[in-house]
There are 2 protein chains.
Amino acid sequence: MNEDTPARKSDPALDAVRDEFVVQWGAMGSAWGINRTMAQIHALLMVSPNPLSTDQVMEELKISRGNAHSNLRELIGWGLIRGVIRKGERKEYFEAEKDVWKMFCTIARERKRREIDPALDVLENCKEASKGLRSSEAKAFHTQISELSDFVKLAGGAMDQIARSEQSKAARWAQKLFT
Amino acid sequence: MNEDTPARKSDPALDAVRDEFVVQWGAMGSAWGINRTMAQIHALLMVSPNPLSTDQVMEELKISRGNAHSNLRELIGWGLIRGVIRKGERKEYFEAEKDVWKMFCTIARERKRREIDPALDVLENCKEASKGLRSSEAKAFHTQISELSDFVKLAGGAMDQIARSEQSKAARWAQKLFT
DNA sequence: TCGAACTTTCAGTAAGTATTGAAAACAATG
DNA sequence: CATTGTTTTCAATACTTACTGAAAGTTCGA
């Protein structure tokens, strides 16, 4: 078994802050309904100057191989990190996207796909299923669902647009928003 | 114990769609990291033509009193439903905000408060704690955290603005977004 | 002040999720 | 093709969160 990249003589003060960040970010993740370990790994990679191997992640966060493995895969699934292979080495290393805007776009795109689109399906089905009904109650239901559906559609469209756009364009919106 | 509002002769087809909606919306909630029962109650009240009592909610969703109670309170905490008291009756009834735009604003405001603000705290702390460090690694860390922090601050501000604005204004933004 | 109608709390339990660790699968090397 | 380093899988288990039901609390009217 090879040793990983030799431990660099590192500023202990920095290490402390880094750890704090990782721990806190993990806690945040929990509060948001995101797997704590996944959030921690993401935090760790976001502030790591170089890519880390599975073993380094395990070591850093004191977690099992299986846990590290599956959460790393999940993060790749989200597009938030990617695996890098160094020539001459067999281990896989992982690095996070560090550009905050790109990160945001990735999350927006992914959430749209995972949360908005299925919700729209549900709404469209109910809309369709209630279209024919004639009682006034049914009409009210249909109206309510339609409004919801339209709104969700709009929100989804907005997410797509934003995720597709350049940071510069977004900055301009922000500008407008605050004037 | 009083009987609740007498069951209105209701369209069975409509009931079926309504149920479907409630069930599916609950499942969605699950997928989003939101308590399924809470999502179901919210769905139920969103499409209910009149306010419902705790007992009606229990009956409709086949859940216990404690469960109904605590989720109703939680929804009130979010500002998504409110309790109404009818004169001459001791029971409390509950109704959901039905205006989709208002609902969205409420959620945006609340999520900002519960998710964005705490995240900002974490980031500001780490930013502060790493300000003094001089190693180049530390500088990189500080930069990364600062960028994150700025971004989250911006996003939070945007959420505030949007939540504060009128639907008409938002519609105008949407307009721009799609041209 | 009593009792009925209703709400709130909470200990116990059920259901759901995350984690471990070890075995199996895979891949590169000689 | 055997060895060694590495990744992947997964049954068992630990941990977390949601739910129940019954008891305690509150409010109101007579």
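- Computed from coordinates, the Arg73(A) CZ to dA18(C) C1' distance equals 19 Å when rounded to whole Å.
- Nucleic acid contact for Arg36(B): none, since no nucleic acid atom lies under 4.0 Å from a heavy atom of the residue.
- Relative ring orientation between Trp101(B) and Phe151(A) is described as perpendicular, the plane-to-plane angle rising above 60° on a 0-90° scale split at 30° and 60°.
- Each of dA27(C), dT8(D), dT8(C) was ranked by its minimum atom distance to the side chain of His69(B); first place goes to dT8(C).
- Using a 4.0 Å heavy-atom criterion, one finds that Thr37(B) contacts the sugar-phosphate atoms exclusively.
- A side chain to side chain contact (heavy atoms under 4.5 Å, CB included) with Ile116(A) is found for exactly one of Arg113(A), Lys112(A), Arg114(A), namely Lys112(A).
- The separation between Arg90(A) atom CZ and dA28(C) atom C1' is 4 Å, rounded to whole Å.
- Residues from residues 74-84 of chain B that place a heavy atom under 4.0 Å from any atom of DNA chain C: there are none.
- Side-chain atoms of Asn67(B) lie closest to dT20(D) of the nucleotides dT8(C), dT20(D), dT8(D).
- Proximity note for Asn35(B) (side chain, C-beta onward) versus dA4(C), dA18(D), dT7(C): the nearest is dA18(D).
- Between the CG atom of Asn71(A) and the P atom of dT17(C) there is a distance of 15 Å, rounded to whole Å.
- Remark: Arg111(B) is not positioned above the aromatic ring of Trp78(B), lacking an NZ or CZ atom under 6.0 angstrom from the ring centre and at most 45 degrees off the axis.
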